[in-house]
Amino acid sequence: MKATFTLNGAAHSADAPAETLLSEYLRDWLGLTGTHIGCDTSQCGACNVLVDGESAKACTLLVATLDGARVTSIEGLGTPEHLHPMQAAFRKAHALQCGFCTPGMVIAGIAIAERHGADVSEETIRHELEGNLCRCTGYQNIVEAIRIGAREMHAAAGETE
Ligand code: FES
Ligand code: FES
């Protein structure tokens, strides 16, 4: 089935079997392996991408349903030289160990910052992260990274200071 959508800022036309999941399409068809697959029960959030600005689990989305959508995977955020503020915050706060969950956490963090603003509370972040699992860390640094990232995102957008 065909679907035309925006992927990482560029127009994209997909032609894949109707049952193709976005997670497998990104990884296996396009080589965008920053979208991780950490479970087969839609629980871990390692596959999170932004769809129309909201965090969504790519393992639950069929490519065929994305016609007209705006999809951003982790590859569409920053570059090694110019990290997205949320990526930079994860580095600053040492918010990862093995890094497997990190793309999904960064995507979730961006959606949290967009939805709750620069001063999002720790309580809200922890609640919002219930769909993201990390097997390595105690979450403390991830929460701190999202607090920092939210402030930096909104400062960069000229919404604070
Ligand atoms: S791979 Fe999608 S939620 Fe785990
Ligand atoms: S840093 Fe290893 S799973 Fe989160």
Side-chain angles (χ1 to χ4, degrees), residues 1 3 5-8 12 14 16-67 69-80 83-116 120-153:
M1 286 189 70
F5 51 93
T6 302
L7 177 60
N8 295 338
H12 182 81
E19 69 275 15
T20 307
L21 295 170
L22 180 59
S23 51
E24 64 174 303
Y25 184 74
L26 291 172
R27 291 178 56 83
D28 299 341
W29 293 56
L30 303 183
L32 296 174
T33 54
T35 297
H36 291 165
I37 297 174
C39 71
D40 55 12
T41 50
S42 303
Q43 285 181 308
C44 75
C47 64
N48 279 357
V49 296
L50 293 169
V51 178
D52 295 329
E54 289 290 335
S55 179
K57 292 180 174 177
C59 71
T60 67
L61 293 173
L62 295 171
V63 174
T65 66
L66 294 171
D67 212 39
R70 183 167 44 92
V71 179
T72 305
S73 70
I74 193 75
E75 290 88 351
L77 297 180
T79 65
L83 294 175
H84 184 284
M86 190 59 73
Q87 292 173 309
F90 270 68
R91 183 167 71 179
K92 186 174 182 179
H94 305 291
L96 61 122
Q97 289 182 26
C98 80
F100 190 85
C101 70
T102 308
M105 292 287 186
V106 168
I107 294 283
I110 291 170
I112 291 168
E114 293 286 4
R115 197 166 336 109
H116 296 286
V120 57
S121 70
E122 175 174 342
E123 183 184 9
T124 298
I125 294 170
R126 287 185 180 277
H127 177 71
E128 292 274 349
L129 282 183
E130 283 178 357
N132 286 74
L133 300 180
C134 175
R135 65 188 172 185
C136 302
T137 75
Y139 293 90
Q140 188 59 43
N141 288 11
I142 293 172
V143 173
E144 181 58 18
I146 293 175
R147 279 166 58 90
I148 295 170
R151 285 198 297 270
E152 296 295 326
M153 277 174 58

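Everything numeric here is computed off the predicted structure, so don't read it as measured data. When a ligand or atom number is given, it counts from 1 through the structure's own listing order.
Looking only at atom types and distance, the side chain of Ser121 has no donor-acceptor partner in the side chain of Glu123 under 3.5 Å away. In summary, the side chains of Ser55 and Asn48 do present a donor paired with an acceptor at a separation below 3.5 Å, with no hydrogens or angles considered.
When distances to atom 2 (Fe) of ligand 2 are checked against a cut-off of 2.8 Å, Cys136 contributes an N, O or S atom below that limit. Residue side and main chain included, Cys98 places an N/O/S atom under 2.8 Å of atom 2 (Fe) of ligand 2.
Cation-pi geometry between Arg135 and Phe100 is met: the NZ or CZ atom falls under 6.0 Å from the ring centre, inside 45° of the normal.
Arg135 N, 3.4 Å is the protein heavy atom nearest to atom 3 (S) of ligand 2. Atom 1 (S) of ligand 2 has as its closest protein heavy atom Gln97 N, 3.3 Å.
Using bins of under 30°, 30° to 60° and over 60° for the plane-to-plane angle, the ring pair Tyr25/Phe5 lands in the perpendicular bin.
For the pair Lys92 and Glu152, the salt-bridge criterion is not met [side-chain N within less than 4.0 Å of a carboxylate O]. Of the charged side-chain nitrogens involved, none lies within less than 4.0 Å of a carboxylate oxygen, so that Arg27 and Glu24 do not count as a salt-bridged pair.
The ring pair (Phe, Tyr, Trp, His ring centres under 6.0 Å) test applied to Phe90 returns no partner, not counting sequence neighbours.
For the pair Asn132 and Gly104, the tightest heavy-atom approach, listed with the atom from each and the gap, is ND2-O, 3.3 Å.
Each protein N/O/S atom under 2.8 Å from atom 4 (Fe) of ligand 1 was counted, for a total of 2.
For ligand 2, the atoms closer than 4.0 angstrom to any heavy atom of Gly99 are 1 (S), 2 (Fe).
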